[in-house]
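As the structure lists them, so they are numbered: ligands from 1, and atoms in each ligand from 1. Because only heavy atoms are used, hydrogens play no part in the values below, and waters and symmetry mates are left out as well, while side chains stay in.
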Amino acid sequence: MLSTVLIRGRTPLLVGRSLSLVVANCNRINWEASRRLYHDERDQKKLGRYQRNDSNSRPRNSRFNSRPRTRSRDDDDEVHFDKSTFSKLIHIPKEDNSIDVTLDSLLEEGVLDKELHKAITRMEFPGLTPVQQKTIKPILSSQEHDVIARAKTGTGKTFAFLIPIFQHLINTKLDSQYMVKAVIVAPTRDLALQIEAEVKKIHDMNYGLKKYACVSLVGGTDFRAAMNKMNKLRPNIVIGTPGRLIDVLEKYSNKFFRFVDYKVLDEADRLLEIGFRDDLETISGLLNEKNSKSADNIKTLMFSATLDDKVQKLANNIMNKSECLFLDTVDKNEPEAHERIDQSVVISEKFANSIFAAVEHIKKQVKERESNYKAIIFAPTVKFTSFLCNILQNEFKKDLPILEFHGKITQNRRTSLVKKFKKDESGILVCTDVGARGMDFPNVHEVLQIGVPSELANYIHRIGRTARSGKEGSSVLFICKDELPFVKELEDAKNIIIAKQENYEPSEEIKTEVLEAMDQETENLSDVIISLISSYRSCIKEYRFSERRILPEIASTYGVLLNDPQLKIPVSRRFLDKLGLSRSPIGRAMFEIRDYSGNRDRSENSYDDDGVESDTSFRGNRNNNRDKRGDYDDEQSERGSYNRRSFSRSNDRNNYSNRSNSRY
Ligand SMILES: Nc1ncnc2c1ncn2[C@@H]1O[C@H](COP(=O)(O)OP(=O)(O)OP(=O)(O)O)[C@@H](O)[C@H]1O
């Protein structure tokens, strides 16, 4: 059969030939499904409309054909497409991992070059992990398909794409040797820099591979210095965060990026969320537009521990190929969380008690382990992270290093503390979700969480900072009763059941100790609590919280921490108006409304308009979020896109705060 069809309005494909080659190369995969053409009749009728008759035709650049979208939280699940058809998704389930693939077998089959084999062998891994076994060959296959790969946290996904990329560079070493051939995109700067370090590990294991140079392009670093490096090293691999990549591509795509064969999205589900997706479409459009081979030459590889078929739809505008392999190492009904993590949840009556519970837990661990304790503690917002870090430093500084890590810390400092925490055998990293995904800190004993993550999937990524690379680990989630719907949501949506549950009530002793360790000004404390309220407000729907219960509960933390439970955060009526809460009993339950007409004395520590400045996520003006806060992570603040991660206020008055950019 030799049937020519036009797929996704782009490229005529010789389907018969394509299928026979696929079958020949990958005979362990059930290709039966691939024989079914995925176009329905209606698509066939559309063919004429998209027909292209010359090789110079370019696909529609997503920069130009992406519809501007203003979306509310309610729209979150709705996906807008610019194309009328999707690539065919071919699911390769976990059980198709039957035959062991080893570095030696890949060498013998001629898939891996001996120099690369040497470099990876020198790392002395016990073998290839399932995701590495499953992805290396299909990524290198001459077949025209994109790849999505799902594997649990800490199972070596980075090498699962770096090994085939290196092999591709070796295979094509005589072609365009001073050009970028692989572009890897990561959602945070720290992760991009970590991937660059992994490339350097391969270089260090075999100096002969150093000629395949790599440069990172991330925000918060000197642009000119990075471009000098690009000119000097002429890298084959570029690793970047979206904003900086776009900046470079817009200026220099002709010079460096005309020969790209692969683009990789690490933490793909995160990169395809609102806020990043437009950037990814722009990157893809720029790369396709300049590609010297063809506009659909670039293969897209997408990796994450939390992926489902929906990702293909979200990525439709950036995938070039007519087929997409979904290489799965997790069973359909199996939880995505790593099974080696011993998970538990500690439930308190009050949100504030989670702080006491966490401190008490750490005290016990530090004592039992004689300070040989390495843990990461996640907190919901930047301000709360600083606040918590301050308490932990006062409590444990003499025993362990306590490190503060979030998007408001300078990149230099972030980079040096990541290095330190990777190296150290003990210590506590106190962080926002900027550290939730991808970061590989060896030998973390425990992951602790006070409150809920910024998105459901991040629970899996947060706890995945422990039990990596074959090690054991445990996680403890500290929540209050009003946060319990989150645990239910984990069960319903992610099939994660936390079997160990315990109730907690703080002793007077621990309360006094923590309150003494908390050398906060009351004004700072109001800021901290308001950032928490903002954060929880933005996830009420996602986690099915009761607004009536959760918001006053979070607000009550102010009084508890000032040792007067009746005390409420003082605010002006104008401030409450801005929250849209002035007529709501919830607002009155949370705040003490003071009359400041004519006298705006800040020494009163109340929130009027000026006070809001400290947490602009309550403001409607999105530009303010970027300019004043500067505490989003990475490109999300840097490039100044106004509405990254934002949701339309007008569509949902009860949910108009931005989706807590203060969370990173
Ligand atoms: N074949 C292997 N055997 C043992 N360890 C490995 C192997 N390949 C990679 N590793 C190590 O496993 C650790 C985790 O790898 P990596 O960071 O790539 O995991 P990941 O699957 O990307 O995790 P995450 O989902 O959190 O991003 C790293 O320290 C890496 O060096």
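- Heavy atoms of other residues, nucleotides or ligands lying less than 6.0 angstrom from CD of Glu368 number more than 12.
- Counting only residues at least two apart or in different chains, ring pair (Phe, Tyr, Trp, His ring centres under 6.0 Å) contacts with residues 429-471 comprise Phe421-Phe441.
- For Glu404, the side-chain hydrogen bond (donor to acceptor under 3.5 Å, both in side chains) partners at least two apart in sequence or on another chain are Ser386, His406.
- Ile409 CD1 to Thr432 OG1: the interatomic distance, rounded to the nearest 0.5 Å, is 8.5 Å.
- Under the ring-ring contact (aromatic ring centres under 6.0 Å, His included) criterion, Phe326 pairs with His91, sequence neighbours left out.
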Are there any protein N or O atoms under 3.5 Å from the N or O atoms of ligand 1? List them with distances, or say none.
from	atom 1	to	atom 2	distance (Å)
ligand 1	1 (N)	Gly127	O	2.7
ligand 1	1 (N)	Gln132	OE1	2.9
ligand 1	5 (N)	Ser469	OG	3.2
ligand 1	8 (N)	Gln132	NE2	2.9
ligand 1	12 (O)	Ser469	OG	3.4
ligand 1	17 (O)	Arg468	NH2	3.0
ligand 1	18 (O)	Lys157	N	3.3
ligand 1	18 (O)	Thr158	N	3.0
ligand 1	18 (O)	Thr158	OG1	2.6
ligand 1	19 (O)	Gly156	N	3.3
ligand 1	19 (O)	Arg468	NH2	3.4
ligand 1	21 (O)	Thr155	N	3.1
ligand 1	21 (O)	Gly156	N	3.3
ligand 1	21 (O)	Lys157	N	3.1
ligand 1	21 (O)	Lys157	NZ	2.8
ligand 1	23 (O)	Gly154	N	2.9
ligand 1	23 (O)	Arg468	NH2	3.0
ligand 1	25 (O)	Lys157	NZ	2.6
ligand 1	26 (O)	Arg465	NH1	3.0
ligand 1	26 (O)	Arg465	NH2	2.8
ligand 1	26 (O)	Arg468	NH1	2.7
ligand 1	26 (O)	Arg468	NH2	3.3
ligand 1	27 (O)	Glu267	OE2	3.3
ligand 1	29 (O)	Asp440	OD2	2.6

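- For Arg122, the CZ atom is densely surrounded, since the number of other residues' heavy atoms within 6.0 Å is greater than 12.
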